[in-house]
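Working notes, structure below.
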Amino acid sequence: DSPDYRDAGLAFGAEFLFGSATAAYQIEGAAGEDGRGASIWDTFSRTPGKVLNGDTGDVADDHYHRWEADLDLMAELGLEAYRFSIAWPRIQPTGRGPVNEAGLAFYERLVDGLIARGIRPIATLYHWDLPQALEDEGGWANRATAYAFADYARLVGQRLGDRIEIWTTLNEPWCSAYLGYGSGVHAPGVTDRAKALAAVHHLNLAHGLGLAALREVVTNDPGFSITLNLHVSRPEGPSGPEAVRRIDGLANRVFLEPILDGRYPADVLEDTAAVTDWSFVEDGDLEIISGVPISVLGVNYYSSGRVRVWDGEGPKASADGHKDGAGTPWPGAAEEVEFLEQPGPYTAMGWNIDPSGLEELLVGLHERYPELPLMVTENGAAFDDVVEDGAVHDAARTDYLRRHFTAAHRAMGRGVPLTGYQVWSLLDNFEWAYGYSKRFGIVRVEYETLERLPKDSAGWYAELIRTRRIPEAPVAS
Ligand code: PNW
């Protein structure tokens, strides 16, 4: 038992799905092409001061034009699955109405190209690029957006519903709600705690309505899922457990319980009573949200936090290894939670590296939901890569991945039904508020030329996939 999570040689079964993940706005570019409408991220990134260096997704990795070469690259790495997202404004430019054929055709080509190469498509319907026209009507703070999402899901399902392996409704609704409508560091940049909580509910509702629509139209018995960025918080001092309860409630249970248990957690409603009366939850909503069971839960994990309740004296600490504590106006009682300095080491995002958090998260979920299969839908790291003689020797990234795969393997050894692992990300890409300054790819993208260069971590991952055993790896200095 090595405490540093660097066990080489651990084996994964034949069914375990190794892959990599991306998202439409982060890689596609071609923002004005083939009838694509504007999304909230177009508007936000073009607003001065919102994204570092004024970066936008206008060109990104130009994947919209280079998709075929990118698929060949995935095949060369031996990926068994590819998790991508579909841009709603390519399918419905204003968020409503008939299909924009040219936009949908892109995803048909992509999915057929994956299948032709033996790579299984995992499709996310919403990875944050809401059509701007829907934001103009209130966005996720508006109940009607959930119904518009269901119509969109049906349109996509009618066309791709014979070929997708796993459908994911939403990616990280925590980010959409709290970063989009609470702190405003993500699009649409709204800062209103009550709207953030309304967004939480409408995103949950969209999930339920979306799955119901999909179930009616798909023909190939796919998996149904949602991807959550669940927060692992470690308690500090006597108030630590109370702080953990508050963050776990607002970040995790406010999504898990409506979807998996058909109820909102009573303590969360209490914690937020001064912010909202939750009257946006209508009769029958919880039946809709939990109505179509998910067959696998997607888990995104990068880092953990260390928390206690602020005693009201001195400045409130907000150093957060997971970056969400800093400046995030957690609504209600969680606002009084302090995010403490972490021991490190850190990634280039300033996120504390803590593979044991992944093991604990997976084991905890399995204890709470014993029948539910899990999949890691994102894990990876940004580091300050350098190109040397035409190579990127990203030992730190390889080491990060090796330790997290070890953690996942240990969780499986403790009985967790983990079905796969999608590394974030295949390509360096538009890292939201950080623009192109943070590189998460196992493949480097040279933004001047748009050339792709697999990093050493990609070679390591290809070997893991080929041998189904965790290879030796250089230890990060
Ligand atoms: C996730 N936070 O984003 C997303 O799903 C990806 O699109 C993204 O590139 C990746 O993780 C790396 O950041 C997050 O502030 C963004 O806590 C922000 C936070 C968490 C996840």
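All ligand and atom numbering here is 1-based and tracks the order in the structure.
Heavy-atom neighbours of Lys438 NZ from other residues, nucleotides or ligands within 6.0 Å: above the threshold of 12.
The atoms of ligand 1 that sit less than 4.0 Å from any heavy atom of Tyr302 are 10 (C), 11 (O), 12 (C). In the vicinity of Trp174, heavy-atom distances shorter than 4.0 Å reach the ligand 1 atoms 17 (O). Close contacts of ligand 1 with His127, meaning ligand atoms under 4.0 Å from a residue heavy atom, involve 4 (C), 5 (O), 6 (C), 7 (O).
No donor-acceptor contact under 3.5 angstrom links the side chains of Arg246 and Thr272, judged on distance only. A donor-acceptor contact closer than 3.5 angstrom links the side chains of Glu33 and His65. A side-chain N or O of Glu172 and one of Asn300 form a donor-acceptor pair less than 3.5 Å apart.
Figure legend: cation-pi geometry between Arg90 and Tyr64, with NZ or CZ positioned under 6.0 Å from the six-membered ring centre and within 45° of its axis. Cation-pi check for Arg402 over Tyr5 is not met; the charged atom does not lie both under 6.0 angstrom from the ring centroid and within 45 degrees of its normal.
Residues Tyr302 and Thr347 have side chains not in contact (no heavy-atom distance under 4.5 Å, counting atoms from C-beta outward). Counting heavy atoms from C-beta outward, Val254 and Leu197 have side chains that stay 4.5 Å or more apart.
Within the 4.0 Å heavy-atom criterion, neither part of Tyr178 lies near ligand 1. Residue contacts with ligand 1, taken as heavy atom pairs separated by less than 4.0 Å, do not involve Phe430 at all.
Between His231, Glu431, His186, it is Glu431 that holds the heavy atom closest to atom 8 (C) of ligand 1.
Inclusion of Asn171 in the set of residues having an N or O under 3.5 Å from an N or O of ligand 1 is warranted. Polar contact check, Trp432 against ligand 1: a nitrogen or oxygen pair lies under 3.5 Å apart. Residue Gln26 has at least one N or O atom closer than 3.5 Å to an N or O atom of ligand 1. Ligand 1 has a nitrogen or oxygen under 3.5 angstrom from a nitrogen or oxygen of Glu378.
Met349 does not count as a contact of ligand 1, since none of its heavy atoms falls under 4.0 Å from the ligand. Within the structure, ligand 1 has Trp351 among the residues with a heavy atom less than 4.0 angstrom away. The closest approach between Thr227 and ligand 1 stays at or above 4.0 Å for every heavy atom of the residue.
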What do the steps show when you test Tyr82 against Thr22 for side-chain hydrogen bond (donor to acceptor under 3.5 Å, both in side chains), and what is the final call? CA-CA 8 Å; Tyr82 175 53; Thr22 64; 2.6 Å; yes

